[in-house]
Amino acid sequence: MKTAYIDNQAFEIVEGEMILSFIRRYKEKGLIPTLCDAPNLDPFGSCRVCSVEVTLQENGPLKTVASCHTPVSEGHYIYTSTEAVKALRKNIIELVLTDHPLDCLTCEVNGNCELQTVAAQVGIREVRYPEGENHLDREKDLSHPYMTSDLSKCINCYRCVRACDEVQGEFVLNMSGRGFDTKIIKGLDTSFMESDCVSCGACSQACPTSAISDVFQSKAIAATDTTRTICTYCGVGCNLEVSTSNGEILSIQAPYDAEVNQGHTCLKGRYAFKFYDHPDRLDAPMIKRNGEFEKVSWDEVYTYLASKLTNYKNEFGADAIAGISSSRCTNEENYLMQKFFRAVIQTNNIDGCARVCHSPTALGMQRVFGTGAATNSIEDLKHTNCIMVIGANPTDAHPVTGAKLKQFAMKSGNVSIVIDPRRTELAKYATHHLALRPGTNVAVLNMMMYYIVTENLIDTSFIAERTEGFEDYKNALLNIDIDKLEQVSGVDRNDVKAAAISYATAPNAMSFHGLGVTEHSQGTFTVMQIADLALLTGNIGRNGVGVNPLRGQNNVQGSADMGVQPHQGAGYLDVTKDEINKKYNEFYGVEVPKHVGYKIPEMFEAALDGKLKAIWIIGEDVVQTDPNTQKVIKALNATDLVIVQELFMTETAKYADVILPGASFLEKSGTFTNGERRVQAVNQVVDPIDGCKPDGQIIVDIMNKMGYAQPDYTPDGMLEEISQIVPFFAGISWERLGKNGLQWPVASDGTDTQILHTEEFKRGKGYFEFNPWEETIELVEHAKDYPYILTTNRELEHYNCGAMTRRTANEKILEDDYLMIHPDDAQSHFINEGDYVCLESPRGKVDVKARITDEVKQGILSTTFHFPEIMINNITGDVHDSEAMCPEYKVVAVRIRKSKGKFKQQHLVD
Ligand SMILES: Nc1nc2c(c(=O)[nH]1)N[C@H]1C(S)=C(S)[C@@H](COP(=O)(O)OP(=O)(O)OC[C@H]3O[C@@H](n4cnc5c(=O)[nH]c(N)nc54)[C@H](O)[C@@H]3O)O[C@H]1N2
Ligand SMILES: Nc1nc2c(c(=O)[nH]1)N[C@H]1C(S)=C(S)[C@@H](COP(=O)(O)OP(=O)(O)OC[C@H]3O[C@@H](n4cnc5c(=O)[nH]c(N)nc54)[C@H](O)[C@@H]3O)O[C@H]1N2
Ligand SMILES: [Mo]
C-alpha cells in the first residue's frame with residue numbers, strides 16, 4: 001500500500017491521482033477552496049486558490065503547488081491550511097474581487113455563488129484593494145430563451161470554455177482579448193442565439209458566478225428541496241437533479257455523480273420541463289357525448305369503461321379489444337398495462353412504440369444472439385478503437401452520448417465510420433462517411449462483409465468456437481454482385497472497402513445504430529448484418545466492442561422488457577409455449593391466451609375490418625406519428641371505443657371517445673430502463689397536477705373495477721411483483737437501485753451486468769444468416785411517378801410528436817420545420833431558401849419550408865415529424881419491415897413542386 005500524508009495523517013494514494021482529489025477522498029469538500037476546478041472538467045490550475053504546501057519529508061522545505069493539477073506521490077507530506085497558503089488564497093480571491101462587481105445583495109445568484117462561498121471560506125470580510133476598473137459596461141446577453149450572460153461578473157476561470165469544449169465538444173465559447181480586456185466570446189463574438197450554441201447549459205452549470213447562467217438558475221436559490229430523477233426524453237437516461245419550492249419546479253441540473261451523464265445533459269433534460277404545468281394539461285377525465293368532450297368524475301369514467309369493456313369482451317371476444325402502452329411511462333406502468341390486457345381482458349393484443357421504432361433491433365439481435373438488447377455500455381467508448389455509427393444521428397437524438405461519440409471521432413488516431421445518407425454532424429468528423437441512398441443498408445453491409453472475407457480479415461477462431469452457419473453464409477456472400485450493389489447504393493466500392501478494413505482491423509470495434517437501420521422493409525435483416533459483422537470479426541463479448549442500438553424513448557427498452565409485445569410476455573417469454581403459458585396462468589391466477597396478438601398495424605387493419613371494438617392508447621400520438629395518417633384516422637373512427645390516456649389534447653386524443661388525464665414523469669415514481677439495460681429510479685418531484693393521476697394508478701383502478709384484485713400502484717410493490725416473473729429482474733428491488741441503477745440481467749444477489757455474451761450467447765452459438773439486398777416495394781411501384789426519396793431525421797430541440805417540447809421555450813429556438821433539399825434539385829424546381837415545397841406521395845401531400853443544403857445528395861430530401869401543422873405522416877406509407885412490421889418511414893417516394901404554403905403555424909408558448 002502506497003501512502004501520503006494529509007496534515008501529518010497517512011492515507012492510501014491511487015496511482016496517478018492529483019493532490020486535490022486525494023485530499024477530497026478523505027477530507028470534507030470545503031477543506032480546499034477552489035474556483036477553476038469542476039468535477040466534470042480536467043484539472044486546469046489557473047486560479048491557484050487550491051494551493052497547498054508540500055514536502056517530501058517530514059519538516060522538509062515546503063513548496064506551494066496548485067493541488068488540482070499536481071500529482072500526489074508516495075511519501076508526500078501535504079499541508080492544507082498553513083498560514084502561508086491561507087494568506088495566498090485570501091490574496092488571490094481579493095484580487096479576483098477587485099475586478100468583480102460587489103453587488104452581491106442584488107445579484108440574482110446571491111446565496112448560490114461559488115465566488116461568494118469561497119470568499120467567505122478564505123475569510124474575506126472586506127476587500128483591501130481599491131475597487132478596480134471593472135467591466136460594468138459589458139452588455140448582458142438576453143438573446144436566448146434559456147441561456148444568459150453578464151460578463152461583468154466573469155472571473156476568467158475558463159470553466160465555461162472548458163465545459164463547452166470538454167463536456168459538449170461544441171467549441172462555441174472562447175477567451176479573446178488581452179490583459180484587462182480579456183473576455184469570453186461566443187462564436188465570432190455574437191450572442192448565444194446567433195452562435196452555434198446547442199443550449200446544453202454545461203457552461204451555465206459550470207460558471208461559479210452568474211457570468212453565464214440561465215433563466216432558471218436564479219430561481220433555484222429559493223429551492224427548499226432537490227429530487228433526483230431520470231429524464232423523460234431519449235433512451236440515454238440522464239440523471240437529473242430537480243430543485244423545487246412549495247411544489248413548484250424551479251430548475252434542473254445534472255448531478256456529477258451520475259454514471260450515465262456525469263454532470264451533463266441536453267437542453268431537453270435541463271430546460272424543457274415547463275410542459276408539466278402548462279395550461280393545456282388535461283385535468284379531468286372526459287367522455288365524448290354528441291361529438292363534444294364532457295368532463296366527468298373518475299368514478300363515472302371507471303364505471304363507464306368497465307361496463308363497456310366487459311360488454312365488448314362478452315359480445316365480441318377478448319381479441320376485439322387492444323392496447324398500446326407508452327414507452328414514456330415507467331416499467332411498472334407498462335407491466336400493469338400488459339397485465340391488464342393479458343390477465344383481465346385476456347388477449348395478447350398489446351403493443352408499444354417499439355413497433356414503429358426498434359422492433360427490428362429486438363428481433364434481429366434475438367435471432368443472432370438470443371437477446372435483443374444493447375450488448376455493451378456507453379462507458380465502453382473508453383476502451384474502443386473504432387466506432388461504426390449507422391443510421392443514427394446521436395448529436396441531435398441522443399445528445400449526451402452524441403457528445404461523447406463526437407469527442408471520440410474528433411480525437412486523432414481514433415477511427416470512425418458513419419453510414420448515413422445525410423452528412424450528419426458526426427459524419428463531418430468521421431474517418432469514413434458512406435453516404436448511401438436510403439434503403440440500401442443491406443447492400444452496403446454485404447459489400448463490407450464481402451471485403452472482410454476476401455481480405456482475410458475474419459476472426460477464424462471466434463467463428464469456429466462461438467458461431468454457427470458460417471460456411472453457408474460465406475458461400476452466399478461471395479456471390480454478391482458488387483457492380484450492382486455499388487450502383488444501387490451510390491457508394492464507391494473503394495470507400496466501402498476502406499471502411500470495412502478499418503472496422504475489421506481495429507483491436508476493438510463498437511457499433512451503434514438507429515432508425516436509419518430499423519425503419520425499412522429490410523430493417524431486421526440489417527440488424528442481423530450488424531450483429532453478423534461483429535461475429536465475423538470477433539467484436540462481441542468484451543469491453544469496447546459489441547452491437548449497441550441507440551434506443552429511442554426514455555423507456556422503450558423497459559416497455560418491451562415488461563411484456564408490451566403481442567408475442568412475448570413479461571421477460572420476453574414466448575406466449576405460445578405450453579410451459580410459459582402455465583407459468584403466466586399460475587402467476588396471474590387466470591387463464592392467459594396462448595395465441596399471438598395484434599401488432600399495431602394489425603390493430604388498425606382489424607379496426608378497418610370491423611373486428612376491433614375498443615382500443616386503449618396510453619401516451620402515444622398515433623395519428624401524428626404512425627405512418628399513413630389518414631388510414632390511422634379511419635381506423636380510429638371505425639373503432640367503437642377509443643380510450644386515450646394523455647397529458648395533452650394530442651392529434652390522437654381528438655379522436656378519442658374517452659380521455660384519461662395521466663401524470664408526467666415529474667409527478668410519479670417508478671423506474672425507466674435506458675438503452676444500456678440500466679434500470680434507474682424515477683422519483684416523484686411534485687404532486688400530480690390537479691385532476692390527474694399517475695398512469696399506473698389509473699390502470700390499477702380499472703383492473704379492480706373489472707374484478708381483478710390488484711394492489712395500489714407503488715414502485716417498490718410493483719418491482720417486487722415484476723422481479724418474481726421477469727427472470728433478468730430477479731435481483732432488482734427499489735432499495736437496491738441506489739443512485740445509478742442496475743444493468744440487467746441482475747442476479748438474485750444483486751449483481752448486475754455491464755457486458756452481455758462474454759462466454760456464450762443467450763441462444764448458445766451466434767448465428768450467421770445471409771440476406772440479399774432487395775429494392776423496397778415503395779420504390780419499385782412508385783419511383784417512376786414519384787422520383788424523389790424523402791427520409792426523416794430528428795431535431796435536437798423537439799421530441800417526436802412535439803406535444804411536450806413545443807410547450808416549452810424550445811419552441812423559440814426551433815419554431816418551424818424545414819425540408820433539406822439539394823441546391824441542384826431546388827434550382828430545377830425554382831425553389832429558393834424558405835419557399836414552401838409541396839411534397840406529394842401516393843398517399844397525400846404536405847407543405848414544408850425549404851432549406852437548401854448539400855447535407856443531402858441530389859434526389860434525397862429529409863425533414864422531421866415533430867410538427868402537427870405539417871403532419872408529414874400524411875404521406876408516409878404502409879410498407880413495413882418484412883419481419884417485425886416496423887414502418888418504412890425512411891423511404892417515401894415523393895414528387896415536389898414549389899407551393900404557396902397552406903398551414904398556419906401554431907404557437908404553444910408565449
Ligand atoms: N431531439 C430528439 N431526440 C430524440 C427523439 C426526437 O424526436 N427528438 N426521438 C427519440 C426516439 S423515439 C428515437 S427512436 C431516437 C431516434 O434517433 P435516431 O436513430 O438517430 O433517428 P433519426 O434521426 O430518425 O434517424 C437516424 C438517421 O438515419 C438516417 N437514415 C435515413 N435513411 C437511412 C438509410 O437508409 N440508411 C442509413 N444508414 N441511414 C439512414 C437519417 O439521415 C438520420 O440521420 O431518438 C430519440 N431522441
Ligand atoms: N415520419 C416519421 N414518423 C415517425 C418516426 C420517424 O422517424 N419518421 N419515428 C417513429 C418513432 S421511432 C417513434 S418512437 C414514434 C414516437 O411517437 P409517439 O410515441 O407518438 O411520440 P411521443 O412524442 O413520444 O408521444 C408520446 C405522447 O406521450 C405523452 N406522454 C408523455 N409522458 C407521458 C406519461 O407519463 N403518461 C401519459 N399518459 N402520456 C405521456 C406525450 O404527451 C405525447 O403526446 O414516432 C414514430 N414516427
Ligand atoms: Mo422511437
Side-chain angles (χ1 to χ4, degrees), residues 225 227 229 232 242 244-250 272-309 323-326 328-330 332-334 336-337 340 616-621 641-670 682-706 710 712-715 801-808 908-910:
D225 276 307
T227 311
T229 193
T232 182
V242 190
T244 50
S245 159
N246 290 326
E248 193 201 341
I249 297 176
L250 304 177
F273 61 88
K274 286 299 281 177
F275 68 83
Y276 90 99
D277 60 351
H278 190 282
D280 289 352
R281 273 292 293 273
L282 296 167
D283 59 1
M286 295 194 278
I287 298 178
K288 200 183 255 167
R289 290 184 175 125
N290 304 320
E292 297 285 325
F293 284 117
E294 262 177 43
K295 291 191 179 185
V296 297
S297 68
W298 281 103
D299 216 34
E300 182 175 347
V301 85
Y302 288 152
T303 309
Y304 181 85
L305 287 179
S307 108
K308 280 262 181 185
L309 290 170
I324 299 179
S325 190
S326 179
R328 311 301 300 279
C329 287
T330 63
E332 296 70 16
E333 294 173 328
N334 277 284
L336 281 167
M337 182 69 168
F340 171 79
W616 180 0
I617 303 172
I618 301 188
E620 202 161 324
D621 189 7
L641 175 66
V642 176
I643 310 163
V644 172
Q645 188 164 320
E646 252 296 341
L647 308 181
F648 296 105
M649 184 57 75
T650 57
E651 297 307 307
T652 306
K654 292 176 187 164
Y655 292 91
D657 300 290
V658 173
I659 286 187
L660 302 169
S664 79
F665 82 115
L666 294 161
E667 302 151 59
K668 61 192 175 192
S669 297
V682 175
N683 291 299
Q684 183 180 348
V685 178
V686 289
D687 286 337
I689 296 293
D690 276 348
C692 304
K693 284 189 189 206
D695 297 270
Q697 189 57 47
I698 298 174
I699 304 166
V700 167
D701 292 346
I702 295 182
M703 288 171 98
N704 282 295
K705 197 84 189 177
M706 291 183 70
Q710 178 71 36
D712 274 349
Y713 178 83
T714 61
C801 78
M804 295 153 92
T805 49
R806 294 208 43 227
R807 288 185 173 84
T808 69
L908 303 176
V909 286
D910 12 280

Quick check: does any side chain N or O of [X] sit under 3.5 Å from a backbone N or O of [Y], one acting as donor and the other as acceptor?
| X | Y | answer |
| --- | --- | --- |
| Thr229 | Asn683 | yes |
| Lys308 | Leu641 | no |
| Thr330 | Gly670 | no |
| Tyr713 | Ser669 | yes |
| Glu333 | Asp695 | yes |

Gln645 and Met337: CA distance, side-chain angles, deciding distance, side chain to side chain contact (heavy atoms under 4.5 Å, CB included) verdict
CA-CA 12 Å; Gln645 188 164 320; Met337 182 69 168; over 6 Å; no
Can you find a pair of side-chain heavy atoms, one from [X] and one from [Y], that are under 4.5 Å apart?
| X | Y | value |
| --- | --- | --- |
| Lys705 | Leu309 | no |
| Gln684 | Thr227 | no |
| Phe665 | Arg328 | no |
| Cys329 | Lys668 | yes |

Under 3.5 Å side-chain donor-acceptor pair for Thr652 and Asp621
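The answer is yes; a qualifying pair exists.
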Applying side chain to side chain contact (heavy atoms under 4.5 Å, CB included) to Gln697 and Asp701, what does each step give before you reach the verdict?
CA-CA 6 Å; Gln697 189 57 47; Asp701 292 346; 2.8 Å; yes
Glu248: partners by side-chain hydrogen bond (donor to acceptor under 3.5 Å, both in side chains), with sequence neighbours left out
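In terms of side-chain hydrogen bond (donor to acceptor under 3.5 Å, both in side chains), with neighbours along the sequence ignored, Glu248 is linked to no residue.
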How far does [atom1] of [X] sit from [atom2] of [Y], to the nearest 0.5 angstrom?
| X | Y | atom1 | atom2 | value |
| --- | --- | --- | --- | --- |
| Asp283 | Lys295 | CG | NZ | 4.0 Å |
| Trp298 | Ile702 | CH2 | CD1 | 8.0 Å |
| Ile698 | Phe340 | CD1 | CZ | 12.5 Å |
| His278 | Ile689 | NE2 | CD1 | 12.0 Å |
| Leu305 | Glu300 | CG | CD | 10.5 Å |
| Ser325 | Ile699 | OG | CD1 | 6.0 Å |

Considering all heavy atoms of both residues, which atom of [X] and which atom of [Y] are nearest to each other, and what is their separation?
| X | Y | answer |
| --- | --- | --- |
| Pro694 | Pro688 | CD-CG, 4.1 Å |
| Ala272 | Thr805 | CB-CG2, 4.5 Å |
| Gly619 | Glu646 | CA-OE2, 3.9 Å |
| Ile324 | Glu620 | CG2-OE1, 3.5 Å |

Show every donor-acceptor pair shorter than 3.5 Å between a side-chain atom in residues 653-661 and any protein atom, with sequence neighbours excluded, or say none if there are none.
from	atom 1	to	atom 2	distance (Å)
Lys654	NZ	Glu651	OE1	3.4
Lys654	NZ	Glu651	OE2	3.1
Asp657	OD2	Val642	N	2.7

Is Arg281 paired with Glu667 through a side-chain N to carboxylate O contact shorter than 4.0 Å?
yes
